[in-house]
A.B. asks: 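Here you go, one structure.
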Amino acid sequence: MVLYTKPPVVEVYEGNPLEPPCESIVVPVLQGPDGKPMVDVIRDLDPSGQLRGVSDLGFFKASVGDIFKGYVNGRLIVYTGIGRFDEEWSRLLENARRGLASGVKQVVEGSKCTLLVLSRLNRDVAVEALIGALLASYRLEAFTREKKRLLERVLVDRGDLDLNYVTAVVEGVYLARDIANAPPHELPPRRLAEVVRELFSKRDNVEVEVFDFDRLVREGFGGIVSVGMGSKEKPVMVVVRYKGSNGAPVALVGKTVVFDSGGINLKTGESIVYMRSDKAGGAAIIGALWAISKLNLGINVVGLIPAVINVPSGESYLPSDIIRMWDGTVVEVTNTDAEGRLIIGDAIAYAAKALGADEIVDLATLTGAIVVALGPLIAGLFTRDDRLREELLEASRRTGEKLWPMPMEDDYKQWLTRGAMVGDIANAGTRVGGAIYGALFLERFSHGKPYAHIDIAGPGMGYEAGGIAPSYWPDRSLAPGYGVRLLVEYLLAKASRLKAQPSS
Ligand code: BES
Ligand code: ZN
Ligand code: MN
């Protein structure tokens, strides 16, 4: 497997925007106060009106996704609308990502070079526009015959954008997409661990440690061992340490079920093919760590990636099994399809008690119930910590990765204990409130540390998103790499806050 798919190369071009060494030019256009396109950019680029007279743009209103295109001097020029100039800030950033994504999709596949005219935009808007264009160029290439990405080389007509940031983030998302969409037999747990090792081998601020099956058994990771033992490809836990300071680390835990068949409680129905992406949580953590390792973030971060295959076999764990988790909690297995909470429960407890994390965030494609509640585009945020909630929601507004707060209802905790005939708690219970059940189950393993659980079963997988997904998501309902930008943004904000007031 070619890991990872490389994004297009980005370079600064400060020459004449009408004469770039490129076959195509994409121009974002804002909509003015009169509801019409702000035509000054167009006038600059097409002064003699060869494309069309600036007064005659047909139906082009510069709304998001609105396209007007033609050829000038043999070059394709695409005007792409990015919506109102006075739009609310987070909406404007999202409009820029979507507008540029739609714009570059007009460019011929395999285009060697494309100029993005970003010089008239606010700098932050321009950065997001560029990110949108690059994300839209992603193709799942690693396993397919055709190696046709959309763009090869992207030029931008200004030199003041933080291209290091853009590249780091976009590479992180590409990496997460490659991993989340990989077919299970290309990326069984041990292979995934090798890939992570290989990826970070040249980054000296990152250390990778792999807990193999024997060690997991020896050290009592009962959740990971039980879920993983049904497959001949045994489970592992990968621990990735990013060192940016001397403080306690932030722990990021990612559900990494390479394939979730449901196990003995076998899944039925067509949605099972999406379960290759039941590793989207882990994929996002790997992508985020990749990005921050290139950004010299000033805090410590540790990623925990428990990786398993959940399949039925003569060696599988069974409904009615009684599992002793890493922290000693005794869990009755009432459903082998509620496997995610067993593997990340172990990892969360390990982060809290063995790694000295000062806060823990997990990303997990945990429940179908959260998709019923929030649909395919929105992840559910479960936390009791007000600061974590506010900061994660702020990162969500900034990145457009949709997140919505969900309740941690104390009265529902009774479900966990009452559902178990033996042991402390049952891994699955009621049909109602399933996403909250999962969150309350996981919370027990955080041992009082500030903790947030993000259920990404919807946007993590791309499941049911066809037709309504943002234009910078991959085509054909592939996993979009949700969570990478959210986590990077969250961590960057946290690092700069700590820098400003080191004591808090
Ligand atoms: N990976 C699934 C969750 C999922 C389901 C994600 C559908 C996306 C679409 C998870 O492991 C699972 O199977 N959860 C069960 C839990 C239940 C048995 C308590 C579910 O949601 O049905
Ligand atoms: Zn699962
Ligand atoms: Mn499952």
Side-chain angles (χ1 to χ4, degrees), residues 180-181 184 189 223-224 226-228 230-231 235 253-284 305-312 316-321 331-347 362-380 382 406 412 415-416 418-420 425-442 453-466 477-480 482-483:
N181 291 302
I224 302 172
S226 295
V227 176
S231 171
V253 178
K255 173 175 173 182
T256 315
V257 178
V258 166
F259 187 75
D260 180 15
S261 71
I264 298 292
N265 292 97
L266 194 62
K267 286 185 186 294
T268 52
E270 285 160 37
S271 71
I272 197 170
V273 296
Y274 286 91
M275 295 304 147
R276 70 154 82 87
S277 301
D278 209 18
K279 50 180 155 36
I305 324 286
V308 302
I309 299 182
N310 185 23
V311 283
S316 304
Y317 80 133
L318 301 170
S320 82
D321 263 340
V331 178
E332 181 177 43
V333 178
T334 46
N335 190 323
T336 61
D337 200 9
E339 82 297 339
R341 59 201 69 181
L342 296 173
I343 68 166
I344 59 176
D346 270 353
D362 83 64
L363 262 68
T365 47
L366 204 76
T367 67
I370 200 70
V371 193
V372 173
L374 299 177
L377 302 181
I378 309 173
F382 296 85
M406 298 289 289
Y412 294 164
W415 286 339
L416 306 187
R418 298 208 176 159
I425 50 175
N427 77 325
T430 50
R431 257 169 30 90
V432 296
I436 305 174
Y437 188 110
L440 292 171
F441 182 96
L442 291 175
H453 159 59
I454 304 182
D455 193 337
I456 62 166
M461 297 206 181
Y463 175 72
E464 300 272 358
S477 296
L478 290 174
Y482 177 96

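Below, all heavy atoms of this structure are taken into account, side chains as well, without hydrogens, waters or symmetry copies. Every number for a ligand or one of its atoms is a count from 1 in the order of the listing.
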A.B. asks: Compare all side-chain heavy atoms of R341 with those of Y437 and state whether any distance is below 4.5 angstrom.
C.D. replies: yes
A.B. asks: Nearest to atom 18 (C) of ligand 1, what protein heavy atom do you find, and at what distance?
C.D. replies: N335 ND2, 3.5 Å
A.B. asks: Is the shortest N/O to N/O distance between K267 and ligand 1 below 3.5 Å?
C.D. replies: yes
A.B. asks: Quick one: which ligand 1 atoms are inside 4.0 Å of a heavy atom on A457?
C.D. replies: 6 (C), 8 (C)
A.B. asks: With a 4.0 Å heavy-atom cut-off (strictly under), which part of L366 contacts ligand 1: side chain, backbone, both or neither?
C.D. replies: backbone
A.B. asks: Where the side chain of N310 meets the backbone of V257, is there a donor-acceptor pair that is under 3.5 Å apart?
C.D. replies: no
A.B. asks: Rounded to the nearest 0.5 Å, how far apart are CD1 of I456 and CD1 of I370?
C.D. replies: 11.5 Å
A.B. asks: Using a plain distance cutoff, I'd like to know if D337 has any nitrogen or oxygen under 3.5 Å from a nitrogen or oxygen of ligand 1.
C.D. replies: yes
A.B. asks: Considering only heavy atoms, does K279 approach ligand 1 within less than 4.0 Å through its side chain, its backbone, both, or neither?
C.D. replies: neither
A.B. asks: Between D337 (side chain) and G263 (backbone), is there a donor-acceptor pair under 3.5 Å?
C.D. replies: no
A.B. asks: For atom 14 (N) of ligand 1, decide whether some protein heavy-atom distance is shorter than 4.0 Å.
C.D. replies: yes
A.B. asks: Is there at least one pair of N or O atoms, one from A338 and one from ligand 1, spaced under 3.5 Å apart?
C.D. replies: no
A.B. asks: Compute the shortest N/O to N/O distance between K255 and ligand 1 and return yes if it is under 3.5 Å, no if not.
C.D. replies: yes
A.B. asks: What is the nearest protein non-hydrogen atom to atom 22 (O) of ligand 1, stated with its residue, atom name and distance?
C.D. replies: G368 N, 4.5 Å
A.B. asks: Okay, side chain of S277, backbone of N181: is any donor-acceptor separation there less than 3.5 Å?
C.D. replies: no
A.B. asks: Where the Zn ion (ligand 2) is the centre, what is the OD2-to-NZ angle for D260 and K255, rounded to 10°?
C.D. replies: 170°
A.B. asks: Regarding K255 and D278, does a basic nitrogen lie under 4.0 Å from an acidic carboxylate oxygen?
C.D. replies: yes
A.B. asks: What's the shortest distance from atom 9 (C) of ligand 1 to any protein heavy atom, and which residue and atom give it?
C.D. replies: M275 CE, 3.6 Å
A.B. asks: Got a sec: is E339 within less than 2.8 Å of the Mn ion (ligand 3) via an N/O/S atom?
C.D. replies: yes
A.B. asks: Write the atom name of the N, O or S atom in E339 that is nearest the Zn ion (ligand 2).
C.D. replies: OE2
A.B. asks: Using 0.5 Å steps for rounding, measure from the CD1 atom of I309 to the OG1 atom of T256.
C.D. replies: 12.0 Å
A.B. asks: To the closest 0.5 Å, what do you measure between CD1 (I305) and CD1 (I344)?
C.D. replies: 11.5 Å
A.B. asks: To the nearest 0.1 Å, how far is atom 1 (N) of ligand 1 from its closest protein heavy atom, and which atom is that?
C.D. replies: D278 OD1, 2.9 Å
A.B. asks: Angle at the Mn ion (ligand 3) between OD1 of D337 and OD2 of D260, to 10°?
C.D. replies: 100°
A.B. asks: At what distance, to the nearest 0.5 angstrom, does CD1 of I436 lie from CH2 of W415?
C.D. replies: 6.5 Å
A.B. asks: I'd like the atom name of the N/O/S atom in D278 lying closest to the Zn ion (ligand 2).
C.D. replies: OD2
A.B. asks: As an exercise, state the distance from OG1 of T365 to CE of M461, rounded to the nearest 0.5 Å.
C.D. replies: 4.0 Å
